[in-house]
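To start, the structure under review is shown below, and the notes come after it.
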Number of protein chains: 2
Amino acid sequence: MAQNKKNEFSKSEIELADFARALSHPARVAIMKAVAEKNMCICGEIVEVLPLAQSTVSQHLKELLNAGLLSGTVDGTKSCYCINRKVFDKFIGSFNKFFLITQEN
Amino acid sequence: MAQNKKNEFSKSEIELADFARALSHPARVAIMKAVAEKNMCICGEIVEVLPLAQSTVSQHLKELLNAGLLSGTVDGTKSCYCINRKVFDKFIGSFNKFFLITQEN
DNA sequence: ATTGTTTATCGTAAATATACGATTATTATA
DNA sequence: TATAATAATCGTATATTTACGATAAACAAT
C-alpha cells in the first residue's frame, strides 16, 4: 500500500487484529486443530494431514509461532509443536471482551 | 500464489478463517467497535473516527458486509451500518467451539 | 564416513490486500 | 434547476501473502 496505517490504531485493536490474522487462513486453523487434538504434533504429521507442500506448512507454522499461538521445541531432527496455552487464553479473553462490547445493546 | 489451495480445507475451517480474516485488520475491528457502541453508524461517522480516507473506509465496510458481519441500509444520501447479530452470533459460536477443541487436553 | 530423514530457509512467481485520489451516482438543499 | 453533501466505485501503486521447488542445516542410521 502507499502507506501502512496499521499503527495508527489502538493497541487493543491491533492485538485483536493480529490474533485474527493468525487464524485467517484455513491451513492455520487446521494446524491449530491438529495440534490441539494430539496435544502435540511433529511437523511431519501436520504436513501429512494438510494439502500443502512441506515448505508452505513450515511457513504457516512460523506465522503461528510469531503470533505466539504455538510454541515449538526441537527433538533431534524433528520439530514438536504445541499450543501456547498462556498466549492463546489471553487472546480468547480479548476476543470474548470484543464480543461483549458488540453485544451491549 | 501459484495456486489457491483454500478450498481443499473443510467447510468449518474455511468459515472460521473467513470470519477471522474479516477481523484481521485493525480498521475493521475499530469499525465493528464503533458500530456496536452506537448500535448503528452512518458511514461518515466512521470515516471521522478512523485515520483513513473515505474510499478506504468504504472498502473496509464492504468487506465486513461481504463477510456478513455488518448489514447496511441507505437513508437518503447516507448509509447506515449495524451489526448483523444473527451472522455475528453464529461466528461467535464457531469460534467458541474452536476454542473448546483447543482446550480438550 | 556416507547416506537418509527431517525441517527451516531462500528465491521467486502469482494472487490478494491496502491505500489513495478522482470520478460517479444519488439525494438533499438553496 | 443548480449546487452541495454523501458514499460507492474505478483505476492504480505498492505491500503483503501464499505457494512451490531447491537448497541448506542438523541429526540419525547404516
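Labels below follow one simple rule: chain letters A, B, ... track the order of the sequence lines, proteins then strands, and each chain is numbered from 1. As the structure is a computational prediction, the values presented were derived from the model and not from experiment.
Look at NE2 on A/H60: it is 12 Å from P on D/dT17, rounded to the nearest Å. For the pair A/E8 CD and C/dC20 C1', the interatomic distance rounds to 14 Å; values are reported in whole Å. Across the protein-nucleic acid pair, A/K62 atom NZ and C/dC10 atom C1' stand 10 Å apart, rounded to whole Å. Rounded to an integer number of Å, the gap from B/E63 CD to D/dT9 C1' is 14 Å. As a whole-Å value, the separation of B/L52 CG from C/dA19 P is 6 Å. Taking atom CG on A/N66 and atom P on C/dT9, their separation rounds to 10 Å, with Å as the unit. Rounded to an integer number of Å, the gap from B/I31 CD1 to C/dA19 P is 11 Å. The separation between B/I46 atom CD1 and D/dA7 atom C1' is 11 Å, rounded to whole Å.
Each end of the helix from C/dA1-D/dT30 to C/dA30-D/dT1 gets its own axis, taken as the rotation carrying the C1' atoms of four end pairs onto the next four within a five-pair window, and the two axes meet at 10° to the nearest 10 degrees.
Within residues 75-84 of chain B, the residues that place at least one heavy atom under 4.0 Å from DNA chain D are, in residue-number order, B/T77, B/K78, B/S79, B/Y81.
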>> If you apply the rule side-chain contact (heavy atoms from CB on, under 4.5 Å), what do you find for A/L70 with A/N84, and how did you get there?
In response: CA-CA 5 Å; A/L70 289 184; A/N84 189 337; 5.9 Å; no
>> Test side-chain contact (heavy atoms from CB on, under 4.5 Å) on B/T73 and B/S79; report intermediate values, then the result.
In response: CA-CA 6 Å; B/T73 56; B/S79 283; over 6 Å; no
> Between A/I83 and A/V35, is a side-chain contact (heavy atoms from CB on, under 4.5 Å) present by the stated rule, with each step listed?
Replying inline: CA-CA 7 Å; A/I83 290 179; A/V35 173; 3.9 Å; yes
> Where do B/K86 and B/S71 land on the side-chain hydrogen bond (donor to acceptor under 3.5 Å, both in side chains) test, with the steps shown first?
Replying inline: CA-CA 10 Å; B/K86 198 176 163 185; B/S71 57; over 6 Å; no
> Under the side-chain contact (heavy atoms from CB on, under 4.5 Å) criterion, do B/R28 and B/R21 qualify, and how do the steps go?
Replying inline: CA-CA 10 Å; B/R28 294 194 288 271; B/R21 210 214 134 272; 3.9 Å; yes
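Classified by interplanar angle (parallel below 30°, tilted 30° to 60°, perpendicular above 60°), the ring pair B/F19/A/F99 is parallel.
Mapping B/C43 and A/R21 onto DNA chain D by nearest heavy atom places B/C43 closer to the 5' end of the strand. Both A/H25 and A/Q54 lie close to DNA chain D; mapped to their nearest nucleotides by heavy-atom distance, the more 5′-ward contact belongs to A/H25. Both B/P51 and A/G44 sit near DNA chain C, but only A/G44 has its closest nucleotide nearer the 5' end.
Nearest nucleotide to the side chain of A/K5, out of D/dG21, D/dT9, C/dC20: C/dC20.
Side-chain N/O atoms of A/N4 include none lying less than 4.0 angstrom from OP1 or OP2 on C/dA17. An OP1 or OP2 oxygen of C/dT18 is reached within less than 4.0 angstrom by no side-chain nitrogen or oxygen of B/T56.
Residue B/H25 holds its NE2 atom at 10.0 Å from CD of B/Q59, rounded to the nearest 0.5 Å. Rounded to the nearest 0.5 angstrom, B/K6 NZ and B/I14 CD1 are separated by 9.5 Å.
B/K78 NZ: 12 or fewer foreign heavy atoms inside a 6.0 Å radius.
For B/Q59 and C/dA19, a side-chain-to-base donor-acceptor distance below 3.5 Å is present, hydrogens and geometry of angles not being considered.
Ring centroid separation for the pair B/F95 and B/F91 does not come in under the 6.0 Å cut-off.
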